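Okay, structure first, notes after.
Each residue takes its place number in the sequence, starting with 1. FYI, side chains are in, hydrogens and waters are out, and symmetry mates aren't considered; it's all heavy atoms of this structure. Note that the structure is a prediction, hence the values are computed from the model and not measured.
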Amino acid sequence: MYILIIYDIKVERINKVYKFLKTHLTWIQNSVFEGEITKAEYKKIEQRLKQLIDKDEDSIIIYNIPEKYMHKKIIGIEKNPIEFII
C-alpha cells in the first residue's frame, strides 16, 4: 500500500514523530511523509503515532492511495528528491 502522512504536532513532540516516520517512510517536505509499506507496517506506524501524540492537541492525517491513482506532479523545487544510485 502507498500512504501519505500529513501532520500538525506541537513543538515538544514533533522531533519524536519526525524521527519515527523517517525510519519507515520518505520525508517529502515539512510535516509530510510518503511511501510504500505493508499492512503490518501500517498497523505498526498507526499504533506508534497514537502513542507519540496528544490526541487533544495534535493532528495526523493518513491517506491510503491506490497505486493506479498515484500520480505525482511537482511545481517548484522538490525539497527531498529521491535519488537512485546505479
Side-chain angles (χ1 to χ4, degrees):
M1 75 176 40
Y2 196 89
I3 65 168
L4 176 68
I5 296 182
I6 301 164
Y7 59 88
D8 185 7
I9 308 291
K10 287 273 189 167
V11 173
E12 56 268 16
R13 289 179 292 280
I14 200 161
N15 267 350
K16 288 181 181 182
V17 170
Y18 173 84
K19 287 178 183 179
F20 170 71
L21 288 174
K22 194 141 174 82
T23 64
H24 295 280
L25 300 165
T26 302
W27 176 77
I28 301 303
Q29 62 183 38
N30 297 345
S31 304
V32 181
F33 281 83
E34 70 178 8
E36 184 78 32
I37 60 171
T38 65
K39 288 181 181 181
E41 287 175 306
Y42 179 86
K43 287 181 181 182
K44 179 180 178 181
I45 289 169
E46 186 178 20
Q47 288 174 351
R48 183 65 179 138
L49 288 174
K50 286 178 181 178
Q51 295 170 350
L52 291 173
I53 70 166
D54 181 329
K55 291 180 184 178
D56 295 326
E57 296 182 339
D58 302 325
S59 172
I60 297 175
I61 300 169
I62 302 173
Y63 292 96
N64 183 350
I65 305 170
E67 194 171 316
K68 67 180 180 178
Y69 297 114
M70 182 60 197
H71 299 285
K72 184 175 177 180
K73 182 176 185 177
I74 299 165
I75 299 172
I77 64 167
E78 187 171 4
K79 295 236 179 176
N80 190 25
I82 299 171
E83 298 179 12
F84 295 96
I85 300 172
I86 299 177

Original post:
Which pair of heavy atoms, one from Glu36 and one from Met1, lies closest together, and at what distance?
Top reply: OE2-N, 3.1 Å
Original post:
Any idea which heavy atoms bring Ile9 and Ile14 closest together, and the distance?
Top reply: CG2-N, 3.8 Å
**OP:** Please identify each residue that fulfils side-chain contact (heavy atoms from CB on, under 4.5 Å) with Lys19, with sequence neighbours left out.
**Re:** none
Original post:
Mind checking whether Phe33 and Tyr7 have parallel, tilted or perpendicular rings, split at 30° and 60°?
Top reply: parallel
Subject >> Pairing residues for Tyr2 by the side chain to side chain donor-acceptor pair (under 3.5 Å) criterion, not counting sequence neighbours >> reply: Glu34
Subject >> Partners meeting side chain to side chain donor-acceptor pair (under 3.5 Å) with Arg48 (sequence neighbours left out) >> reply: Gln51
**OP:** Considering non-hydrogen atoms only, spot the tightest contact between Ile3 and Tyr42 and give its length.
**Re:** CG2-CD1, 4.1 Å
Original post:
With Glu57, which residues qualify under salt bridge (charged side-chain N to carboxylate O under 4.0 Å, His left out), at least two apart?
Top reply: Arg13
Original post:
Which residues pass the salt bridge (charged side-chain N to carboxylate O under 4.0 Å, His left out) test with Asp8, sequence neighbours left out?
Top reply: none
Original post:
Atom CD1 of Ile37 and atom NE2 of His24: how far apart are they, to the nearest 0.5 Å?
Top reply: 8.5 Å
Original post:
Which distance, rounded to the nearest 0.5 Å, do you find between the CD1 of Ile5 and the CD of Glu46?
Top reply: 9.0 Å
**OP:** Check the pair Lys55 / Ile53 against side chain to side chain contact (heavy atoms under 4.5 Å, CB included), numbers first and verdict last.
**Re:** CA-CA 6 Å; Lys55 291 180 184 178; Ile53 70 166; 4.3 Å; yes
**OP:** Using the test side-chain contact (heavy atoms from CB on, under 4.5 Å), find all partners of Thr38 that sit at least two apart in sequence or belong to another chain.
**Re:** Ala40, Glu41
